[in-house]
Amino acid sequence: MLPQQIAEILRTKPFDSRLFVSGWIKTRRDSGAVSFIELSDGSCLANLQVIAGPGLGNFERLRRDLTTGASIRVRGLLVPSPAQGQEVELRAEEIEILGTADPESYPLQKKRHSFEFLRTIPQLRPRTNALASVARVRSCLNYAVHRFFCERGFFQVHTPIITTSDCEGAGEMFTVTVLAPGELNEKEGFARDFFGRRAGLTVSGQLQAEIYALALGRVYTFGPTFRAENSNTSRHLAEFWMLEPEMAFCDLQGDMEIAEELIRYLVSEVRRECAAEIGLFARFIDRELPARLERIASKPFARLSYGEAVDRLIASGASFEFPVAWGMDLQSEHERYLCEKIIGGPVIVSDYPLAIKPFYMRLNDDRRTVAAMDILVPGIGELVGGSQREERYDVLAERMAQVGLKEEDYGWYLDLRRYGSVPHAGFGLGFERLVQLVTGMQNIREAIPFPRTPGSAPC
RNA sequence: UCCUGGGUAGCUCAGUCGGUAGAGCAGGUGACUGUUAAUCACCCUGUCGGGGGUUCGAGUCCCUCCCCAGGAGCCA
């Protein structure tokens, strides 16, 4: 049977009962012969204060090993705490050392560490309050995602991790091969490889999700995604999780509605379930966080067309490193200025110029814009990118030809438009960016348990 | 990949005009009947990222390589 968790003990406060608690020592304070142990089992942010005194057998010898990082199992009596700072405490009657942690070498100290340093010790990083809190928030978000879609009649589809279709415009693919390094250069190359052609790790599940949306109606795919870009920024990872809903019988308006509803739902759920963690982030990471989350949960997102966004940016008179003009993609500085300065909250920008967006986005009647939408949020930039998909066979075929996609490679994608085509739409949401949004973490590497970036995959 | 800033004790950093390295925290020892980043006293800790150069002398100046962060591009 699993031991009782500290989260439950602190919630139910079963005073005067004898409990067994297991966890790791966060810190210990001594006052005379009495030791105060802050014990965490990871189940919640709060520690349980354990009182250890000379009443314990061989206490002085035991106390040598009760150091930060050590794991222990305690039997004790739960009592109201006579001191400020905590409601309850566990008066230890027996302490068993499960695993010691040599204080001379244990890297985590009773002080704040830089996130950069913590990244060098991935094996101990989640034992810090901050990273453990991020992990709990991430898990909470994960469950909330599935709840949201399940309640709305969506089915989850497991799209492939290994794929032979390179989702146009989505970045460089990692190659998956069984060939020896020398064989890769040979003439037949991938023809002799495992799949008989070049395969790679998925850069997006969208195209396959479309297949299932045009069979099950409402689907979503949620899993790891890989980009072999040599990009070293606080917003990019080589391996990240992407949530991609795809809805049949849905246009761009419906797409924007479901995306906004999703984000506001997820933020509300985290506020409800992870209040302690958000309090920690507000104290140590970002003071503005609670106010920002409150706004997201309670107020509708602003909506602008790309054209309006460009006009507003020009009208603002702000000076940018890159000029703003219709037809150019919005730069990071433009996106940030738009949602942080002009709007002051999340903003949905729609109907981008045809030339700067991928082939599968639906051509608008003006024939120079497509039914695309991005959701920009303060501090992060692009959180969501989506569109209504081009469902008209002729229009799609023409665009594919324009960008040089061969029909023999993407015939299956065109088939969806040849047989029972319907209007449909979807979007991609970067899960780590969402985690950043709700935790205030400035670097995306703190939003995932094991960040993979160029030159770094330590375990 | 480009631009900028960094790399000094276990961690976070200071280090003046080029003169042989220092603070806080952590750790160790001791004091203290209830602490809350406990407190107080004492003690320990260095391949100054690697290599080369200038110099009587380099953490400091020059060259080069490596690594990291922030920003940009690309995107989620």
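Labels below follow one simple rule: chain letters A, B, ... track the order of the sequence lines, proteins then strands, and each chain is numbered from 1. When reading the values below, keep in mind they use all heavy atoms of this one structure, side chains included, and skip hydrogens, waters and symmetry mates. All values derive from a computational prediction rather than experimental measurement.
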Visitor: Please tell me which of the listed nucleotides, B/G73, B/G28, B/U1, lies nearest to the side chain of A/N230?
Guide: B/U1
Visitor: Quick one: look up who B/G70 pairs with, Watson-Crick or G-U, both distances under 3.5 Å, and put none if it's unpaired.
Guide: B/C3
Visitor: Relative to each other, are the rings of A/F148 and A/Y265 parallel, tilted or perpendicular (30° and 60° limits)?
Guide: tilted
Visitor: Take a 6.0 Å sphere around CZ of A/R91 and say whether it holds more than 12 heavy atoms from other residues, nucleotides or ligands.
Guide: no
Visitor: Under a 3.5 Å cutoff, is there a donor and acceptor pairing between the side chains of A/Y352 and A/D374?
Guide: yes
Visitor: Between A/H424 and A/E210, is any side-chain donor less than 3.5 angstrom from a side-chain acceptor?
Guide: yes
Visitor: How many whole angstroms separate atom CZ of A/F115 from atom P of B/A69?
Guide: 14 Å
Visitor: Do A/E244 and A/S204 have side-chain atoms, one donor and one acceptor, less than 3.5 Å apart?
Guide: yes
Visitor: Give me the distance, rounded to whole Å, that separates B/A37 from B/G27 when you measure between the P atoms they each carry.
Guide: 15 Å
Visitor: Take the protein atom CD of A/Q109 and the nucleotide atom P of B/C11, then report the distance between them rounded to whole Å.
Guide: 8 Å
Visitor: Does B/C40 have a Watson-Crick or wobble mate here (both distances under 3.5 Å), and if so which one?
Guide: B/G30
Visitor: Can you tell me, in whole Å, how much space there is between the C1' of B/G18 and that of B/C13?
Guide: 22 Å
Visitor: To the nearest angstrom, how far is A/D102 atom CG from B/A26 atom P?
Guide: 17 Å
Visitor: Which nucleotide, if any, forms a Watson-Crick or G-U wobble pair with B/U55, using both distances under 3.5 Å?
Guide: none
Visitor: Students often get this wrong, so: under 4.0 angstrom with heavy atoms, is A/H113 touching a base, only sugar-phosphate, or nothing?
Guide: sugar-phosphate
Visitor: Quote, to the nearest angstrom, the P distance that separates B/A72 from B/U29.
Guide: 49 Å
Visitor: Taking only N and O in the side chain of A/S114, is any of them less than 4.0 Å away from OP1 or OP2 of B/U12?
Guide: yes
Visitor: What string of B, S and - do you get for nucleotides 32-38 of chain B, 5' to 3', if B is base contact, S is sugar-phosphate-only contact and - is no contact with any protein heavy atom under 4.0 Å?
Guide: B-BBB-B
Visitor: Hey, can you pull the donor-acceptor pairs under 3.5 Å for the side chains in residues 276-283 of chain A, sequence neighbours left out?
Guide:
unit_1 : atom_1 : unit_2 : atom_2 : d
A/E277 : OE2    : A/R136 : NE     : 2.7

Visitor: Check this for me: A/R362, atom CZ, are more than 12 non-hydrogen atoms of other residues, nucleotides or ligands nearer than 6.0 Å?
Guide: yes
Visitor: Take atom P in B/G5 and the same atom in B/U64, then report the distance between them in whole Å.
Guide: 15 Å
Visitor: Pick base, sugar-phosphate or nothing for A/R336, based on heavy-atom distances below 4.0 Å to the nucleic acid.
Guide: sugar-phosphate
Visitor: Distance check needed: B/G73 P versus A/E229 CD, whole Å only.
Guide: 13 Å
Visitor: Does any nucleotide pair with B/G18 by Watson-Crick or G-U wobble geometry, both distances under 3.5 Å, and what is it?
Guide: none
Visitor: Output the rounded distance in Å from CD (A/Q206) to P (B/C75).
Guide: 14 Å
Visitor: What's touching nucleotides 2-4 of chain B from the protein side, N or O pairs under 3.5 Å?
Guide:
none

Visitor: Whether A/R112 contacts B/G24 is assessed here as follows: a side-chain N or O lying under 4.0 Å from the phosphate OP1 or OP2. Is that the case?
Guide: no
Visitor: List in numerical order all residues of residues 116-137 of chain A for which some heavy atom is under 4.0 Å away from an atom belonging to RNA chain B.
Guide: A/E116, A/F117, A/R119
Visitor: Considering only residues two or more places apart or on different chains, which pairs with a residue in residues 96-131 of chain A satisfy ring pair (Phe, Tyr, Trp, His ring centres under 6.0 Å)?
Guide: A/H113-A/F117
Visitor: Quick check: are there more than 12 heavy atoms from other residues, nucleotides or ligands sitting under 6.0 Å from CD of A/E96?
Guide: yes
Visitor: Atom CD of A/E446 to atom C1' of B/A69: distance rounded to whole Å?
Guide: 11 Å
Visitor: Considering only the C1' atoms, how many Å lie between B/U54 and B/G73, rounded to the nearest integer?
Guide: 39 Å
Visitor: Using atom C1' of each nucleotide, how far apart are B/G52 and B/A14 to the nearest Å?
Guide: 28 Å
Visitor: With rounding to whole Å, what would you report as the distance between B/U47 and B/U8 at their P atoms?
Guide: 11 Å
Visitor: Looking only at the side chains, is there a donor atom on one of A/T27 and A/R29 sitting less than 3.5 Å from an acceptor on the other?
Guide: no
Visitor: Between A/S456 and A/S234, just flag the one whose closest nucleotide in RNA chain B comes earlier from the 5' side.
Guide: A/S456
Visitor: Tell me what A/L383 touches on the nucleic acid: a base, only sugar-phosphate, or nothing, going by heavy atoms under 4.0 Å.
Guide: sugar-phosphate
Visitor: Using the ring pair (Phe, Tyr, Trp, His ring centres under 6.0 Å) criterion, which residues pair with A/H146? Sequence neighbours excluded.
Guide: A/Y220, A/F222
Visitor: Of A/I444 and A/P454, whose nearest nucleotide on RNA chain B comes first from the 5' end?
Guide: A/P454
Visitor: Is A/D65 paired with A/R63 through a side-chain N to carboxylate O contact shorter than 4.0 Å?
Guide: no
Visitor: Could you give the distance separating B/G49 and B/U60 at their C1' atoms, to the nearest angstrom?
Guide: 16 Å
Visitor: Over how many whole Å does the gap from A/Y352 atom OH to B/C75 atom P extend?
Guide: 12 Å
Visitor: Nearest whole angstrom, please: distance from the P of B/A72 to the CG of A/D329.
Guide: 14 Å
Visitor: Regarding A/E269 and A/Y143, is there a side-chain donor-to-acceptor distance under 3.5 Å anywhere?
Guide: no
Visitor: Ignoring hydrogens and geometry beyond distance, is a side-chain donor-acceptor pair present between A/T68 and A/R28 at under 3.5 Å?
Guide: no
